[in-house]
Amino acid sequence: MRFPAPLIRGRFLTRSKRFFSTVELESGERIIAHCPNPGSMMGLLEENAEVWISPAQNPNRKLRYTWELVRIGEGLVGINTVLANRIVEEALLTDRIPGLTGYASIRREVPYGQNSRVDFLLESGDKPRCYVEVKNVTLRLKDFAAFPDAVTTRGAKHLAELANVVRSGGRAVLLYLVQREDCTGFVLAEEIDPAYVEAARVARAEGVESLCFSCRISAETIALDRALPLAFRMA
């Protein structure tokens, strides 16, 4: 996925009310950028960290910029949760996700279950319907990508819905998309949300599949990169 316009470099100052971030541009001007990440952003809010923001495509939008990337250590981390589905969709359309290839139809935001919408529904005449739920991951614990970074009752609900899909004869896949390059594997953050981790264990026992991929990130593009092993818990 290529950013539609060149990103602008600055440095992070503060985040407030979850969706507002103060950034100082290289010119010295301080601006308020939209923060498109409702999570805790644990480990990403380092004062004076290098950040990259995008200019608004709509000239009438109240906030003229959106925070897209932050440099943590040597690498960039994508903080925009809205982009996760776009990155996955691009990979699905180009058959770059092993195990999720060969489907004739790929649909987004399809209603299912109890007032839920699945991120992607993959269909082909000779295969069971495949329901794919995408979770954006930015947290790093030791060398592992980890999810979630805050309590998520919505995430636990999605796991239950996916388990129901499998019971009904369909296929269900939970895809964790890690918008960073510096992780060697993936774990569930049990110390942050034990209820979510328990729901994930139940879903796995029911046959819900899990995949995890890191991203290749630059100030120009973000793309799905390599599969990460799922340990589910740190040794």
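Values reported hereafter were calculated over all heavy atoms of this structure, with side chains retained and with hydrogens, waters and symmetry mates removed.
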Q.
Between D182 and R140 (salt bridge meaning N to carboxylate O under 4.0 Å), is one present in this structure?
A. yes

Show every donor-acceptor pair shorter than 3.5 Å between a side-chain atom in residues 111-118 and any protein atom, with sequence neighbours excluded, or say none if there are none.
unit_1	atom_1	unit_2	atom_2	d
S116	OG	K157	NZ	3.3
S116	OG	E161	OE2	2.9
R117	NH1	E109	O	2.9

Q) Do the non-hydrogen side-chain atoms of T138 and N136 ever get within less than 4.5 Å of each other? A) yes

Q: Evaluate the criterion side-chain hydrogen bond (donor to acceptor under 3.5 Å, both in side chains) for residue pair T66 and R61; output intermediate values, then yes/no.
A: CA-CA 11 Å; T66 298; R61 203 180 81 168; 2.9 Å; yes

Q. Short question: side chain of D119, backbone of V134 - any donor-acceptor pair under 3.5 Å?
A. yes

**Q.** Audit row: I31, L63, side-chain contact (heavy atoms from CB on, under 4.5 Å) steps and yes/no
**A.** CA-CA 9 Å; I31 57 94; L63 294 178; over 6 Å; no

Q.
In this structure, would V110 and L162 fall into the same cluster of hydrophobic residues linked by side-chain contacts under 4.5 Å?
A. yes

(Q) Nearest 0.5 Å, please: how far is CD in E68 from CG in N80? (A) 4.5 Å

**Q.** Any R201 side-chain heavy atom under 4.5 Å of E190 side chain
**A.** yes

**Q.** Single-linkage hydrophobic cluster, 4.5 Å side-chain cutoff, V82 and V70 together
**A.** no

Q: Please report the shortest heavy-atom distance between G43 and I72, naming the atom on each side.
A: O-CD1, 3.7 Å

Q) Which heavy atom of L141 sits nearest a heavy atom of A146, and at what distance? A) CD1-CB, 3.6 Å

Q. Can you tell me how far the CD atom of Q179 sits from the OG1 atom of T81, to the nearest 0.5 Å?
A. 8.5 Å

Q) Quick one: are M1 and T221 in side-chain contact, heavy atoms under 4.5 Å? A) no

Q: Please work out whether the ring planes of F12 and W67 are parallel, tilted or perpendicular, with thresholds of 30° and 60°.
A: parallel

Q. Taking everything shown except R64 itself, do over 12 heavy atoms lie less than 6.0 Å from its CZ?
A. no

Q) Of the non-hydrogen atoms in V166 and A172, which two are nearest, and what is the gap between them? A) CG2-CB, 3.8 Å

Q) Of the non-hydrogen atoms in V23 and G10, which two are nearest, and what is the gap between them? A) CG1-CA, 4.1 Å

Q) How long is the gap from SG on C183 to CZ on F144, to the nearest 0.5 Å? A) 9.5 Å

(Q) Quick one, M41 with I79, criterion side-chain contact (heavy atoms from CB on, under 4.5 Å). Give me CA distance, side-chain angles, the key distance, then yes/no. (A) CA-CA 8 Å; M41 296 184 65; I79 68 100; 3.9 Å; yes

Q. Do the side chains of R129 and L121 get nearer than 4.5 Å, heavy atoms only?
A. yes

(Q) Quick check: is V178 connected to V197 through a chain of hydrophobic side chains (ILVMFWY, heavy atoms under 4.5 Å apart)? (A) yes

Q: Taking T22 for its side chain and R15 for its backbone only, find out whether a donor-acceptor pair lies under 3.5 Å.
A: no

**Q.** Test item: side-chain donor near acceptor, H158 and K135, under 3.5 Å
**A.** yes

Q) So, R96 and E90, do they make that salt bridge, N to O below 4.0 Å? A) yes

Q. Can you list the steps and then say if V173 with C130 is a side-chain contact (heavy atoms from CB on, under 4.5 Å)?
A. CA-CA 7 Å; V173 177; C130 182; 3.9 Å; yes

**Q.** Distance-only polar pair, side chains of R154 and T152, donor-acceptor under 3.5 Å
**A.** no

Q) Can any side-chain N or O of R71 pair as donor or acceptor with the backbone N or O of E74 at less than 3.5 Å? A) yes

Q.
For I53 and L69: C-alpha separation, side-chain torsions, deciding distance, then whether side-chain contact (heavy atoms from CB on, under 4.5 Å) applies.
A. CA-CA 7 Å; I53 60 176; L69 308 173; over 6 Å; no

(Q) Please report the interatomic distance CG(D193) to OG1(T153), rounded to the nearest 0.5 Å. (A) 8.5 Å

Q.
Any heavy-atom pair between the side chains of V88 and I97 that's under 4.5 Å?
A. yes

Q. Given F147 and Y196, is the ring pair (Phe, Tyr, Trp, His ring centres under 6.0 Å) satisfied, shown in steps?
A. CA-CA 9 Å; F147 184 88; Y196 178 84; 5.4 Å; yes

(Q) For residues I87 and L76: do they belong to one hydrophobic cluster (side chain heavy atoms under 4.5 Å, members Ile, Leu, Val, Met, Phe, Trp, Tyr)? (A) yes

(Q) salt bridge (charged side-chain N to carboxylate O under 4.0 Å, His left out) for E209 and R171? Distances and angles first, verdict last. (A) CA-CA 8 Å; E209 302 168 47; R171 182 186 179 196; 2.8 Å; yes

Q: Give a yes or no on whether a salt bridge exists between E89 and R108, defined as a side-chain N under 4.0 angstrom from a carboxylate O.
A: yes

Q. Is any side-chain heavy atom of Y65 less than 4.5 Å from a side-chain heavy atom of S54?
A. no

Q) Are side-chain heavy atoms of L92 and V132 found at a separation under 4.5 Å? A) no

Q. Roughly how far, to the nearest 0.5 Å, is CG of L228 from CZ of F186?
A. 9.5 Å

**Q.** Nearest heavy atoms of P128 and G169, plus distance in Å
**A.** CB-O, 3.9 Å

Q | Approximate separation, where rounding is to 0.5 Å, of L175 CG and L100 CG | A | 7.0 Å

Q: Give a yes or no on whether the ring-centroid distance for F120 and Y131 is below 6.0 angstrom.
A: no

Q.
Can a donor-acceptor pair be found, under 3.5 Å and without considering hydrogens, that links the side chain of S218 to the backbone of E220?
A. yes

Q) What is the minimum heavy-atom distance between V137 and A145, and which atoms define it? A) CG1-CB, 4.1 Å

Q | Shared hydrophobic cluster for L44 and I222 (ILVMFWY, side-chain gaps under 4.5 Å) | A | no

Q. Can you check whether I217 reaches V77 side chain to side chain, under 4.5 Å on heavy atoms?
A. no

